[in-house]
Protein chains: 2
Amino acid sequence: MAQQTERPRRAPLTTDRVLRAAVALADDGGIDVLSMRRLAQELGVVPMALYKHVANKEQLLDGLVDLVVGEIDPPDPDLDWKGAVRQRILSARRALLRHPWARRVMEAQAAPTPAVLAYTDSVIGTFLAGGLSVDLTHHVMHALGSRIFGFTQELHQDGHVSDPAELAAMAQQLAEVFPNVVAVATSRLHDEESVVGAGCDDEFEFEFALDLLLDGIDRLHQAGWSSRRRQPVGPT
Amino acid sequence: MAQQTERPRRAPLTTDRVLRAAVALADDGGIDVLSMRRLAQELGVVPMALYKHVANKEQLLDGLVDLVVGEIDPPDPDLDWKGAVRQRILSARRALLRHPWARRVMEAQAAPTPAVLAYTDSVIGTFLAGGLSVDLTHHVMHALGSRIFGFTQELHQDGHVSDPAELAAMAQQLAEVFPNVVAVATSRLHDEESVVGAGCDDEFEFEFALDLLLDGIDRLHQAGWSSRRRQPVGPT
DNA sequence: ACCTGAACACCGTTCAAGT
DNA sequence: ACCTGAACACCGTTCAAGT
């Protein structure tokens, strides 16, 4: 019932404003709430007005990915290849933690956007500058895969049950059917004074896996590994 | 206009028939074509009839995942832990190759299904039976993550351009902006007699990454690694 | 009691009508 | 020429009406 006549007072729509509003919407509502219609509503605009600035939803999502990838720090020129890649990947991970929806959007993308290609090119450049062969770098990029964007390889995150008593009860029941899962999931609890339900240290797990790969790569590099010889990767 | 009165002649709906029809539909139409309405149509049934056999779409998808996970071979008792895990993961990968839609469905699942938990429990059991500590196994499971289900860490698969001339032209143009990407992507072409556009050997890349991880794990195991000491993972 | 058609509250996008 | 409302062809699911 309030006067609603100053509608045209709004700042004019630009692609940038559309993208920023979309990021904000996804950040605090999740990716499922980001629809063209809802985004338009958020901007105080009729749905079709968006199509003046983005060709379609797919292009909108591409724009969002580019914004997130743009948040990844540039490489530190003072570090060696392993340190530089490591630091960059951890920066990418922090960007993904700020925008958790970005992971699924990137995975659903049919083709890489220019920003994604540029970042990939830069990471490859770091390996090559560090002396890794083009051949090894090729396989290394496959092995790291989307982890270079800070993706974790986890499947399900810990469903957060906050009540310790409830969690203990669940664990006991689960242990009868899946004893190994429970033993491993609660392993940290035995040796620490910590409360039940502390959960995993995601940062530690990410770095553990990352270092496992980077150190394995370093070992192959120093051994002069080549896929043409296809010698075993392993110890001995 | 043809007689359509023998409608009730159809085999009666069962949960099993619903799930199998859904797998078939997703297998040859992709996951996007699998809607409740389309599935009902495929079964010659009114959409609401499905809800007698699955509570909702989420439960339908859970059922599909369980079918796919059920295709993974049991562990070979004659192998050591590394061989057994390796063979199992490669079997999981073959299941995923048969049902490419399963990956996205599993990633969108909120909670693991019983079959997923059972498989996970079994893989953990193999590590523990092989003598790995509960502590190391915990971190190892995180590091392998969804790769134990045959997931690849890739982000975008090679967009298949079949025409070699077109591909060469694209590469040349791309090389001006992303030289490292092009150098690495075409690395296999230099040393082989192969035609341009041969693409990557996905099987080799998958096993390369898997062995990098398994061998790194083996090394930690043999060194008596423990997260409590948090010694570096690397080569001294 | 069982089954099911219409309806609800959404989508992304097209397109023609209005200014 | 520009903007936009109605419409189209979909969703998953609720619910009341019909048998």
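Chain letters run A, B, ... following the sequence lines, proteins first, then strands; residues in each count from 1.
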* Asked: By ring pair (Phe, Tyr, Trp, His ring centres under 6.0 Å), which residues pair with A:F206, not counting sequence neighbours?
  -> none

* Structure fact -> Output row for DNA chain D, stems defined as at least 3 consecutive Watson-Crick or G-U pairs under 3.5 Å, is C:4-8 with D:12-16, C:12-16 with D:4-8

* Asked: Side-chain contact, heavy-atom cut-off 4.5 Å: A:R94 with A:D73?
  -> yes

* Atom pair distance, as rounded to whole Å: CG in A:L60 and P in C:dC11 -> 14 Å

* **Beyond-backbone contact of B:W81 with B:L128, side-chain heavy atoms, under 4.5 angstrom** => no

* Structure fact -> B:R38 atom CZ is separated from D:dA9 atom P, nearest whole Å, by 17 Å

* Structure fact -> When rounded to whole Å, the CD to C1' distance for the pair A:Q41 and D:dT4 reads 17 Å

* To do: Under 4.0 Å from any atom of DNA chain C, heavy atoms only: list the residues of residues 109-116 of chain B that qualify, in numerical order.
  => none

* To do: Calculate the interatomic distance between A:L50 atom CG and D:dT4 atom P; express it in whole Å.
  => 11 Å

* A:I217 side chain near B:L212 side chain, heavy-atom distance below 4.5 Å -> yes

* Can you tell me the distance, in whole Å, between the CG atom of B:L43 and the P atom of C:dT4? => 14 Å

* Between C:dC2 atom P and B:H53 atom NE2, what is the distance in whole Å? -> 13 Å

* To do: Identify which nucleotide among C:dG5, D:dG12, C:dC11 has an atom closest to any side-chain atom of B:S35, counting heavy atoms from C-beta outward.
  => D:dG12

* To do: Taking salt bridge (charged side-chain N to carboxylate O under 4.0 Å, His left out) as the test, write out the residues that go with A:E71, two or more places apart.
  => A:R98

* Asked: Rounded to the nearest Å, what distance is computed from the CD atom of residue A:Q59 to the P atom of nucleotide C:dG12?
  -> 15 Å

* Give a yes or no answer on whether the side chain of B:D121 reaches the backbone of A:V181 with a donor-acceptor pair at less than 3.5 Å. => yes

* **B:R103 atom CZ, over 12 foreign heavy atoms within 6.0 Å** => yes

* To do: Encode nucleotides 13-19 of chain D as B, S and - characters from 5' to 3', where the letter depends on protein heavy atoms closer than 4.0 Å: B to the base, S only to sugar-phosphate, - to neither.
  => BBB----

* How would you list all residue pairs meeting side chain to side chain donor-acceptor pair (under 3.5 Å) that involve residues 46-62 of chain B, not counting sequence neighbours? -> B:D62-B:Q109

* Asked: Is B:D211 salt-bridged to B:R86, cutoff N-O under 4.0 Å?
  -> yes

* Asked: Given A:L210, which of A:I148, A:T152, A:I89 fulfils the side-chain contact (heavy atoms from CB on, under 4.5 Å) condition?
  -> A:I89

* Structure fact -> From CG of B:D32 across to C1' of D:dA9 the rounded distance in Å is 16 Å

* To do: Indicate yes or no: does B:E107 engage A:R104 in a salt bridge with an N to O separation below 4.0 Å.
  => no

